[in-house]
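Because the structure is a prediction, the values reported are computed rather than measured. The sequence lines fix the lettering, A, B, ..., with proteins before strands; numbering per chain opens at 1.
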2 protein chains.
Amino acid sequence: MVTSEQVARMAGVSRATVSRALNGSPRVSAEARKRIQEAIISLGYEPDVVAQSLVRQRSRTIALCLFYGDQKSTVFSSFGETQHYFYLDLLRDVEQEIAAARYDLLLPSSPYAAKNYIRSLQMRHVAGILAIAMNPADERVKALLEAEIPTVFIDSLSQGRNSTYVTSDNLDGSRQATEHLIQLGHQRIVTLISGTDGPIGSARLTGYRQALQQAGLPVDEQLVYASGWNTEEAYQTTLTLLQERQPRDFTAIVAGSDLMAIGVLRALHQHGLHVPGDVSVVGFDDVDLCRYTEPPLTTIRQDRSAMVQGAIQRLISMIESEDEHDAPVLSPIIIPTQLITRASTGSAALPE
Amino acid sequence: MVTSEQVARMAGVSRATVSRALNGSPRVSAEARKRIQEAIISLGYEPDVVAQSLVRQRSRTIALCLFYGDQKSTVFSSFGETQHYFYLDLLRDVEQEIAAARYDLLLPSSPYAAKNYIRSLQMRHVAGILAIAMNPADERVKALLEAEIPTVFIDSLSQGRNSTYVTSDNLDGSRQATEHLIQLGHQRIVTLISGTDGPIGSARLTGYRQALQQAGLPVDEQLVYASGWNTEEAYQTTLTLLQERQPRDFTAIVAGSDLMAIGVLRALHQHGLHVPGDVSVVGFDDVDLCRYTEPPLTTIRQDRSAMVQGAIQRLISMIESEDEHDAPVLSPIIIPTQLITRASTGSAALPE
DNA sequence: CTGAAAGCGCTTACAG
DNA sequence: CTGAAAGCGCTTACAG
């Protein structure tokens with residue numbers, strides 16, 4: 001293996017100088033720098049990142065930690081589970097952003113709980129943590145909040161001494177969705193909503209209410225249907241809804257997510273109801289699938305790139321500010337959402 | 001941070017003894033071992049894996065390297081690209097198996113090519129590499145074959161001094177698929193096949209031919225249609241096929257993969273042809289989606305768990321045999337495939 | 001069975 | 001601008 005020792009010898013300098021040159025220190029003469037560069041190239045030298053991590057007490061690695069409800073599940077294990085579809089979509093950007101920042105992505109194998117969980121991450125000298133906590137009650141999440149390691153959460157509104165979060169403007173998104181329907185003449189608007197005990201679901205529910213109130217429409221709590229985040233449950237809930245209600249008793253549905261909307265569409269279709277002729281449907285997220293539903297789904301776009309860019313940027317600034325004893329910026333980032341109009345929404349059917 | 005020094009002091013032994021106890025050396029007295037255990041627990045000690053990696057010159061990390069055609073693409077970037085669907089499905093098992101073996105999974109950010117690519121992996125002291133090379137011509141793949149790092153490829157028939165591979169019995173699978181159709185009375189069987197210049201595609205094509213020959217049926221090369229691995233291309237190719245051929249000129253289609261079969265089904269459906277009434281269709285892979293196609297797809301199952309288990313097992317035995325100067329087992333693993341009969345195949349329509 | 005010492009490959013005050 | 005030295009936290013011959 002080629003070490004800095006060999007580079008130093010070839011360039012006729014000490015290892016200290018090689019190290020300085022490598023790390024862009026200004027305290028290296030132009031000639032020395034040049035000779036070192038040449039030696040590095042001719043020897044094909046690459047610094048040993050493990051040794052660097054040891055002495056710096058930090059590696060160029062960011063751990064990706066997902067906490068589903070289930071303790072045992074892993075990052076990839078939720079492939080195909082519709083309730084997590086959006087986050088998996090997000091990982092694409094995560095990987096790219098982290099690579100662009102020249103960090104590695106680590107998926108830690110962690111059979112640990114709470115206290116030891118953090119310690120095991122510390123012992124890997126991860127520089128930072130990107131966490132997606134579907135289940136904020138997980139004790140590992142709480143441990144993370146008290147840890148020294150810079151952490152950015154996505155969608156869990158969790159802040160700590162060394163952690164912050166990024167999320168979409170869920171409230172405003174849901175408000176836009178509902179407002180869009182109101183502008184199309186809808187008045188009796190059902191919402192199929194999930195996780196109202198969590199930050200995402202409750203914000204979306206509030207947005208729905210707000211839009212109605214702003215339009216001076218009554219908020220009928222009977223029109224709020226609780227469901228799970230996945231397609232199947234949304235499908236079942238819609239079936240129930242269709243049994244309970246007369247056709248013209250409502251003319252539109254705001255779904256809690258796109259994958260839920262897909263279940264809604266299926267149930268409506270099965271009951272012979274036409275979208276948007278009989279019922280308009282709006283989703284949330286704007287996952288790729290929206291384009292291919294029948295009909296293509298009007299939805300609220302969450303700006304995944306902006307979310308991930310924001311998260312990684314914050315994370316890296318937290319990591320690097322530690323070095324310089326700056327106060328790191330810990331304010332959360334809220335990313336704007338945007339209505340994407342496709343074919344699943346239309347004018348309210350006129351009352352007969 | 002708690003170090004082995006502190007554990008040693010508390011237990012009244014030297015760091016060397018702590019290290020031995022930790023690594024299960026037999027050369028530690030029962031009493032010492034006990035005191036060390038207690039100290040570890042009471043201090044909440046966790047060894048520094050970075051320091052361990054440095055001195056052992058190896059970390060407990062396995063790198064996951066995917067090589068798509070495109071140099072720039074990353075692991076997650078192929079989400080939603082139908083031609084890679086099977087491999088993404090595979091990653092679920094990869095993550096679990098690696099975690100079960102108590103290794104971490106690293107997704108290296110590698111803007112390097114060839115020579116430096118290997119070196120950067122070496123400098124991370126990865127223990128082994130799991131590689132999926134859709135594009136075996138990638139120069140990084142060649143470099144990997146000559147590297148010191150133990151490597152297991154999935155589906156690229158690449159062996160080197162420190163590498164081997166695992167793959168399904170693609171030939172036999174395709175043979176089974178075709179045989180199944182023959183037993184149902186089909187004689188004019190089209191195959192829609194991809195990548196016949198690669199190991200997977202060519203094995204599947206050979207299996208198709210073999211089944212026909214074994215049944216004493218003629219092999220009509222006109223019935224072999226080349227396509228891409230993705231749904232869209234398979235769809236287009238089937239459209240072409242349907243323009244070229246009379247309805248009864250063929251009664252069954254063997255698709256190169258499930259995702260291709262989905263394109264085939266769509267094209268047949270669009271032409272008003274009934275499956276399996278008019279045409280029987282067989283896929284390959286048995287991805288989760290097969291259950292939800294209309295009709296549910298008869299296919300050849302690749303045993304993903306067995307593939308991944310085999311791969312990880314081989315990899316770990318390669319990693320660990322190095323230590324003991326055993327000759328590592330480098331023979332490839334071929335996993336049997338199995339016909340799964342669902343509803344897309346049926347008796348051949350009788351000639352009128 | 002145990003400990004003192006050397007060493008893994010790097011970085012970073014410190015002194016010049 | 002540069003080098004000698006100490007040190008990051010561990011493991012492993014070596015000697016006893």
Side-chain angles (χ1 to χ4, degrees), chain A residues 1-37 39-40 43-61 119-120 122-127 322-325, chain B residues 1-37 39-40 43-61 119-120 122-127 322-325:
Chain A
M1 197 163 70
V2 185
T3 67
S4 68
E5 173 71 46
Q6 293 168 55
V7 174
R9 207 173 314 157
M10 185 176 232
V13 296
S14 70
R15 284 150 67 216
T17 304
V18 172
S19 174
R20 289 196 196 93
L22 228 47
N23 296 298
S25 160
R27 319 174 132 279
V28 180
S29 69
E31 309 92 76
R33 196 181 298 278
K34 181 152 169 290
R35 290 204 308 279
I36 291 169
Q37 282 308 338
I40 286 176
L43 293 168
Y45 171 73
E46 190 83 18
D48 187 311
V49 293
V50 171
Q52 288 180 324
S53 303
L54 183 61
V55 56
R56 292 181 180 154
Q57 293 289 71
R58 173 184 303 147
S59 72
R60 267 193 102 74
T61 299
R119 226 185 283 268
S120 82
Q122 263 166 352
M123 293 303 87
R124 287 170 169 94
H125 291 231
V126 301
E322 262 184 63
D323 296 336
E324 285 131 43
H325 295 281
Chain B
M1 196 162 68
V2 186
T3 68
S4 67
E5 174 70 43
Q6 293 167 55
V7 174
R9 208 174 311 157
M10 184 176 234
V13 296
S14 71
R15 282 151 68 216
T17 304
V18 172
S19 175
R20 289 194 196 95
L22 227 49
N23 296 298
S25 159
R27 320 174 133 277
V28 180
S29 69
E31 307 91 76
R33 195 181 298 278
K34 182 154 167 292
R35 289 203 308 280
I36 291 168
Q37 282 308 339
I40 286 176
L43 293 168
Y45 171 73
E46 189 83 17
D48 187 310
V49 294
V50 171
Q52 289 180 324
S53 302
L54 182 61
V55 56
R56 291 180 180 154
Q57 293 290 71
R58 173 185 302 146
S59 72
R60 266 193 102 74
T61 299
R119 225 185 283 268
S120 82
Q122 264 166 352
M123 293 303 88
R124 287 169 168 95
H125 292 233
V126 301
E322 262 183 63
D323 296 333
E324 286 131 41
H325 294 283

request  = Report the C-alpha distance between A/I36 and A/L22 in whole Å, list the side-chain angles of each, state the deciding distance to 0.1 Å, and finish with yes or no for side chain to side chain contact (heavy atoms under 4.5 Å, CB included).
outcome  = CA-CA 9 Å; A/I36 291 169; A/L22 228 47; 5.6 Å; no

request  = Give, for atom CZ of A/R27 and atom OG1 of A/T17, the distance between the pair rounded to the nearest 0.5 Å.
outcome  = 11.5 Å

remark   = B/R56 atom CZ is separated from D/dG9 atom C1', nearest whole Å, by 12 Å

request  = Take atom CD of A/E5 and atom P of D/dG3, then tell me their distance rounded to the nearest Å.
outcome  = 12 Å

Gap between atoms CZ and C1', on A/R15 and D/dG7 respectively (whole Å) = 12 Å

query = Quick check: does any side chain N or O of A/Q6 sit under 3.5 Å from a backbone N or O of A/A39, one acting as donor and the other as acceptor?
reply = no

query = Do the side-chain N or O atoms of A/S4 get closer than 4.0 angstrom to the phosphate oxygens (OP1, OP2) of C/dC10?
reply = yes

task = Could you state the atom-to-atom distance from CD of A/E46 to P of C/dG9 in whole Å?
result = 15 Å

task = With sequence neighbours excluded, tell me which residues meet side-chain contact (heavy atoms from CB on, under 4.5 Å) with B/R15.
result = B/S4, B/E5, B/A8

ask   = Between B/R124 and A/V49, what is the shortest heavy-atom contact and its length?
value = CA-CG2, 3.5 Å

note = When rounded to whole Å, the CG to C1' distance for the pair A/L54 and D/dT11 reads 13 Å

message = If you compare every side-chain N and O of B/T17 against the phosphate oxygens of C/dG3 (OP1, OP2), does one of them come in below 4.0 Å?
response = yes

query = Taking for each residue the nucleotide of DNA chain C bearing the nearest heavy atom, is the 5' side occupied by B/A30 or by B/V55?
reply = B/A30

query = Under the side chain to side chain contact (heavy atoms under 4.5 Å, CB included) criterion, do A/V50 and B/Q57 qualify, and how do the steps go?
reply = CA-CA 9 Å; A/V50 171; B/Q57 293 290 71; over 6 Å; no

key: Atom-pair distance (CG on A/D48; P on C/dG9), nearest Å   = 7 Å

query = Over how many whole Å does the gap from A/Q6 atom CD to C/dG9 atom C1' extend?
reply = 11 Å

ask   = A/S29 side chain N/O closer than 4.0 Å to the phosphate oxygens (OP1, OP2) of D/dC1?
value = no

ask   = Do B/T3 and B/D48 pass the side chain to side chain contact (heavy atoms under 4.5 Å, CB included) test, and can you show the C-alpha distance, the side-chain angles, and the key distance before you say yes or no?
value = CA-CA 8 Å; B/T3 68; B/D48 187 310; over 6 Å; no

request  = Determine the minimum heavy-atom distance between B/V2 and B/L43, stating which atoms define it.
outcome  = CG2-O, 3.6 Å

Close approaches to DNA chain C from residues 19-27 of chain B, in residue order (heavy atom, under 4.0 Å) = B/R20, B/P26, B/R27

ask   = For DNA chain D, what is the dot-bracket line, given that a base pair needs Watson-Crick (N1 to N3, plus N6-O4 or O6-N4) or G-U wobble (N1-O2 and O6-N3) geometry with both distances under 3.5 Å, and | means paired with another strand?
value = |||.||||||||.|||

remark   = In whole angstroms, the gap separating C1' of C/dC10 from OH of A/Y45 amounts to 7 Å

request  = Write down the atom of A/L54, the atom of B/A51, and the distance for their closest heavy-atom approach.
outcome  = CD1-CB, 3.8 Å

message = Would you say B/Q52 places a side-chain N or O within less than 4.0 Å of OP1 or OP2 belonging to D/dT11?
response = yes

Gap in Å between the two C1' atoms, one belonging to D/dT12 and one to D/dG16, rounded = 16 Å

task = Check every strand shown and say whether A/V13 touches a base, only sugar-phosphate, or nothing at a heavy-atom separation below 4.0 Å.
result = sugar-phosphate

Intermediate values then yes/no, side chain to side chain contact (heavy atoms under 4.5 Å, CB included), B/R56 and B/N23 = CA-CA 12 Å; B/R56 291 180 180 154; B/N23 296 298; 2.7 Å; yes

request  = Output yes when at least one side-chain N/O atom of B/Q57 is less than 4.0 Å from OP1 or OP2 of C/dG9, else no.
outcome  = yes

